[in-house]
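These notes are about the structure you will find just below.
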Amino acid sequence: MIQILAWAQVGAVPTTPLDMVVSATAPTKIVLGILIGLSLISWAIMFAKWAQFRGITRKSSEFMLNFERASSFEAAVDAARQSNELPHGRILRRASEFLREVTPALAATAGRAAKFSGSQVEALRLVLDAETNAARDRLSRYVPSLGTIGSVSPLIGLFGTVLGVIEAFIGIASQGSGNIGAVAPGVAEALIATAAALAVAIPAVFGYNLFANRLNRIDSELEGFGTELIALLVREGRI
């Protein structure tokens, strides 16, 4: 209320959103500061995830081309050593470790080489699924934070809105009238808090949905890669 009386005395009425923010009460400034911090965090996550997914998409395309050109499983494993950071490479190396550690249940005969039994193939599939889930967990790191920011920011903005409305009623009580000069500062603070909350929440929710859909596509690609890997082993007569 001291601020409102000062404006009335000196005529320094805020005319721009920036002036309103500078002249806002301390609680409103705290709310705006929290929203600014959340906005910086969400944008940092979005830029980092955008760069990460962009790199994975480009490198995975190159990897799949090399995998399709591989003449054998060992050649595919050699190609995977050059893509240590890719989830496809990790899945392929995990399959290679499984083949080295597990002895085929069906011994070799004069007509065929040793083969893995159906239960061993199912175990291999479970190993590949586990590695796929681990890869998704690594890629989804910090993405849920975008959803949290998108859902919490409007509530924080609503808190700032309530504070602005309270300030407007205090202005009415102090001046004994409901003229625009008494109500405007509090209403302005309320609207600024609302606008700031929406400016934080909308990009965060958009980024969360975008990256969640991208994670689902990558998950499907990795599951398909696991199937192609097993098909390669079938063609080589290992299972």
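Hydrogens, waters and symmetry mates play no part in the numbers below; they use all other heavy atoms, side chains included.
- Interatomic distance, OG of S140 versus CG of N133, reported as 10.5 Å (0.5 Å rounding).
- Atom CD of E221 and atom CG of N216 lie 11.0 Å apart (nearest 0.5 Å).
- Panel note: side chain R90, backbone A135; no donor-acceptor pair is recorded below 3.5 Å.
- Rounding to the nearest 0.5 angstrom, the gap separating the CD atom in E62 from the NE2 atom in H88 is 12.0 Å.
- Hydrophobic clustering (side-chain heavy atoms under 4.5 Å, transitive across Ile, Leu, Val, Met, Phe, Trp, Tyr) groups W50 together with L86.
- Residues satisfying the side chain to side chain contact (heavy atoms under 4.5 Å, CB included) test with E122, not counting sequence neighbours, are L126.
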Which donor-acceptor pairs under 3.5 Å do the side chains of residues 224-234 make with protein atoms, sequence neighbours left out?
from, atom 1, to, atom 2, distance (Å)
T227, OG1, R125, NH2, 3.1
T227, OG1, E223, O, 3.2

Do any side-chain atoms of residues 199-211 form donor-acceptor pairs under 3.5 angstrom with protein atoms, and if so which ones, sequence neighbours left out?
from, atom 1, to, atom 2, distance (Å)
N209, ND2, V205, O, 3.3

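- For the pair T161 (side chain) and G157 (backbone), a donor-acceptor distance under 3.5 Å is present.
- Checked against side chain to side chain contact (heavy atoms under 4.5 Å, CB included), F159 has the following partners two or more places apart in sequence or in another chain: V31, L163.
- The pair E97-R94 meets the salt-bridge criterion, with a side-chain N (NZ, NE, NH1 or NH2) lying under 4.0 Å from an Asp/Glu carboxylate O.
- Annotation: side chain of L198 is not in contact with side chain of P154 (no heavy-atom distance under 4.5 Å).
- Put simply, the side chain of I91 reaches to within 4.5 Å of the side chain of T132, judged on heavy atoms.
- We find the CG-CG distance between D129 and L222 to be 10.5 Å, quoted to the nearest 0.5 Å.
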I'd like a table of donor-acceptor pairs (distance under 3.5 Å, sequence neighbours excluded) in which one partner is a side-chain atom from residues 39-49, with atom names and distances.
from, atom 1, to, atom 2, distance (Å)
S42, OG, L38, O, 3.3
S42, OG, S39, O, 2.8
K49, NZ, Q52, OE1, 2.9
K49, NZ, L139, O, 2.8
K49, NZ, R141, O, 2.8

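- Taken to the nearest 0.5 Å, the CZ atom of R235 stands 12.0 Å off from the CZ atom of F73.
- For the atom pair CG (L35) and CD1 (I149), the distance works out to 10.5 Å, reported to the nearest 0.5 Å.
- The environment of OH in Y142 is sparse: at most 12 heavy-atom neighbours from other residues, nucleotides or ligands sit within 6.0 Å.
- Legend: salt bridge (Lys or Arg N to Asp or Glu O under 4.0 Å) pairs involving residues 196-205, not counting sequence neighbours: none detected.
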